[in-house]
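Computation of the quantities below employed the complete heavy-atom set of this structure, encompassing side-chain atoms and omitting hydrogens, waters and symmetry-equivalent molecules. Model, not experiment: these values are computed from the prediction.
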Amino acid sequence: MFYIYCPYCGEHREEEEFHNHGQAHIERPADPDSCTDEEWGNYMFFRKSPKGLHHEIWDHVAGCRKFFNVTRDTVTYEIKEVYKMGEQPKVVAE
Amino acid sequence: MSQKNRLQSGGRIDRSKPLTFTYNGKQFEGFAGDTLASALLANGVDIIGRSFKYSRPRGIVAAGAEEPNAVMQLGATEATQVPNVRATQQELFSGLVSGSTNGWPSVDNDIMGLLGKVGGKMMPPGFYYKTFMYPATMWETYEKVIRKAAGLGRSPNEYDPDTYDKVNQHADLVVVGAGPAGLIAALTAARGGARVIIADEQNEFGGSLLSSKESVDGKAAGAWVAGVVKELEANENVIVLPRSTVNGYHDHNFLTIHQRMTDHIADRAPNGQVRQRYHRVRSKWVVLATGAHERPLVFGNNDVPGCMVANAVSTYINRYGVVPGNELVLMTTNDNAYRTAIDWHDAGRKVQAIVDTRKNPTGALVEAARERGITVMTGSAVIDVQGSKRVTGVSVAPISEDGSKVTGSVKKLSADTVASSGGWSPVIHLSCHTGSKPVWNEDVLGFLPGKTVQKQLTAGAINGTFNTAGALEEGKKAGLEALSKLGLSAVEVEVPATTEVKESKAMALFHVPHTKPTSQAPKQFVDYQNDVTAAGIELACREGFESIEHVKRYTAMGFGTDQGKLGNINGMAVAAKVLNQTIPQTGTTIFRPNYTPITFGAIAGRDCGALFDPERYSAMHKWHLENGAKFEDVGQWKRPWYFPKAGESMQEALNRECLATRESIGILDASTLGKIDIQGKDAREFLGRVYSNAWAKLPVGKCRYGLMLKEDGMVFDDGVTSCLAENHFLMTTTSGGAATVLNWLEFYHQTEWPELEVYFTSVTDHWATMTISGPNSRKLLEELIDGDVDVSKDSFKFMDWKPMSVAGVPARVFRISFTGELSFEINVQANYGLHVWEKLFEHGAKYDLTPYGTETMHILRAEKGFIIAGQDTDGSVHPYDLGMGWAVSMNKPFSFIGKRGMQREDCVRAERKQMVGIKTIDPNVVLPEGAQAVFDPTASIPMPMVGHISSSYWSACLGRSVALGFVKGGLDKMGEKVYYPLVDGRIVEAEICSPIFLDPKGERQNV
């Protein structure tokens, strides 16, 4: 069970307070209507499943209810960093 | 029976406190301080169970968590039955009732045993897979018989009367294991000011020192242990947990500890005490000082009762004052095990011989044995054992220097006990739990903890440091390292003096050769609990299972509650030999939680019965109870389902509720509807983005129905949203979907459109909602309104809302309808709910005001063709499939969620399944929900299926059945036939029609 630092609450809390929302940094196309089916399909359905560093969205659902980003190693389950919405990761795969 | 194997003195038992206990229906006596195993051995009980597959008689082999055979069923009553308890870990108490988990008619005379003897060769690995494969339909029958024969204990048939607790803890340091290494690590960290939890699975701290004759710090080891424990207990920063197994080591230094508070006292926890605790600990650092398990050697018939692990024999002698036999043969590959022969000899019983597999052992213990006149046979091994229910003798033969073959003639010795030692396996289980791969160490002849990302330190035998002096040194070092990692200052701790014993080099031998090839030699057991033999592993390798993980699954080695504590390394060695590779090349399987079995009681804690899941009640719940409501679970809500009167069937009650509503007035408790208060200057813009229809022009005082879609265009929730003020809206959601919808709104706001100024607050519980519906509902409402508020047809229109005072209470009244009747939804602050509800009944009696529940609500809305999201939608239907294109505004400026998704190729193709009304030709037939539709009932099976029924009821108002369902291209097939073949063989003929069965023009609600 993870121990997650909420960047808004400024505290570590148990995983039970959080909910994972999948891959981070997927931006909704600014003009969906002009997307081709392929572009829209990529946005909606295609997700990474890397072995190693993964950027994902977590929601402090039983806490402050804020969404934030987590960089996590999917092999060791280490959390390398957390950062707020709109920010970019500092720890990235090579 | 007297305690024939009990010594007159010595051990950590209290001979002044005799305890009576029952085993397999017979009474025995033991002493305080005994385990069930030591007491059984003291009484000369040889057979404690039958083996899993071959039903061979089995005895106690070990003295701790690694015991594979003595797995007992405990419990004096049905309700207190506990399976899977190791006799070696169960402390004896007066009145303890225990039994073997298998063996029929008894463990001493077992019928399956004959089969094992005769058919042993006929039960190779994969026997069950190979034999019981066909026909597949018979598997369930086979399984029952196999399970009974295997006999792995049973669960109680009555409720557990005891209480269990969960405890959440935080610590600076958790020390796992309270042997010499763990104790000194904890002491060091505690002196440095760290908050420490030290846990050990045994009743007493001390680990290996409890069964050793060593001296520590110039005194008996026990005295040193007592001093350390006293200091730890006195330190307020230290939690001392005996009888507590650290069963799991999880990510981010999270540990689960199973503490047994009263299992050593009585069958049931006395005086309402908590029986067991489940500690969930988040620790900054962890010291694993889990010790090591001695490996037995693999030789012919090494499972006959009387064959034991060497150190276990010493433990029984030194700790419990029990010598489990009369004539001992010790087989060893190392010096350490010589202690067992010396202990046996010093207890006054006969050591027939020490059989050392090495050519020329020279250590101090070897000399000590020889000085006692014990025969030491070098370069030899016990290759076979005689006896069936107890060892009667052994066959000893010289072996080659590499241990691969027998080199000379076989000699027989008489013996009733065979102790064996193949060295020690570090207990690396916990280190493996987080995915760390163990590493083979050639000096230790065992696997050591590998690289880890956890904040984990290790000390003592887990590192292969098997002597006390080394363990103490490492323990202190780990304690100091923990202090430094925690940012605390180092402290002075003196490592107590111990006597150093010079040992000669051990031999790497796991599988003892026999004069015959393994496949023809007597059974050589590797894993006792799962009846896996060396021959079985060889066969598995020959059949192509070369990966150790495959060998494990094919042979079941390391399965079950045992988890391969004794057998795994030996099994890998056997596999390595067959595959002609080294043990590290063969690799190891990974241990997973839990280390030893844990009770369901401890896992559940207090989260059972009424506390398993919270129940939510509306403000009027008490009234519903008093008025005989039957309830339905909707999420966590308990909602009235229907209100039967005396003697009424469910259908009769529903008919009455439906007719009363359509003819006069019915009332529904709608408080559970999700309610989200939405405010902010961009609230309206936000609604336009998350709903499929238009919100830009909804004026204050108006309500609007909306469909919420996912990005793929599929409906996932619906509800009415009302404009309370220019920047203030109240959204309603389905009862079950409220939390999901709130999360959905927040997700889009925070991750996609943070620039919009909008705030969401869940207000579901703040309001009590009661819907009055039916032609008389306006009259009733008017009676209760305080002051002058006009609710007539023209000034309070359909889809209007108004603030007013109802029954003396401020209310928001919404003129919306889910029944198709004239309806008013009255919302008041929740704590006034019951008051207003009762006032409505007071005034409603003259209109025969009838309460109805969710079922009548479903029927009334189905008559009108209104959908229920989650019942008539399943994540694969978009608004046009539902015939609800009117709720989609394709020309809104912002591309709302779901708009682009709905335009995908698959969403716009013809012949999608569409929702329609379904009218059975025989009006009395009510189709089951889920019934599959076909166009041609004469088609061959499997028939092409073209849809299904999503809602289906008997409509008392229409005097016939009504159903909503999906049919391929259904919206263009009005009036056409469709058929429903049912599981009972009937084929129901029906006609596709409009989903609006009643009042298609909506005249009833516009009055």
query: Do you see a donor-acceptor pair shorter than 3.5 Å between the side chains of A/H19 and B/N743?
result: no

query: Can any side-chain N or O of B/Q750 pair as donor or acceptor with the backbone N or O of A/D59 at less than 3.5 Å?
result: no

- prompt: A/H21 side chain to B/F747 main-chain N or O, any donor-acceptor pair under 3.5 Å?
  reply: no

- prompt: Taking atom NE2 of B/H252 and atom CD of A/E14, what is their separation to the nearest 0.5 Å?
  reply: 11.0 Å

statement: Distance col, row B/R904:CZ vs A/W40:CH2, nearest 0.5 angstrom, shows 9.5 Å

Contact origin within [X] toward chain B - heavy atom pairs under 4.5 Å:
X: A/I79; value: both
X: A/T36; value: backbone
X: A/V61; value: side chain

Chain A contact via [X] - side chain, backbone, both or neither, heavy atoms under 4.5 Å:
X: B/E752; answer: side chain
X: B/H170; answer: side chain
X: B/F896; answer: backbone

Heavy-atom neighbours of [X] [atom1] exceed 12 at 6.0 Å:
X: B/K892; atom1: NZ; answer: yes
X: B/K166; atom1: NZ; answer: yes
X: A/Y77; atom1: OH; answer: no
X: A/F45; atom1: CZ; answer: yes
X: B/E755; atom1: CD; answer: yes

Restricting to non-hydrogen atoms, name the atom on [X] and the atom on [Y] that form the minimum distance, rounded to 0.1 Å.
X: B/I897; Y: A/R28; answer: CA-NH2, 3.5 Å
X: A/M1; Y: B/H250; answer: N-CB, 3.9 Å
X: A/D33; Y: B/R900; answer: CA-CD, 4.1 Å

message: With chain B as the partner, which of A/K66, A/R65, A/M85 has the greatest number of non-hydrogen pairs under 4.5 Å?
response: A/R65

message: Just checking B/F254 against A/Y3, ring centres under 6.0 Å apart?
response: no

message: If we define contacts as heavy-atom pairs under 4.5 Å, which of B/L742, B/T434, B/N168 has the most with chain A?
response: B/L742

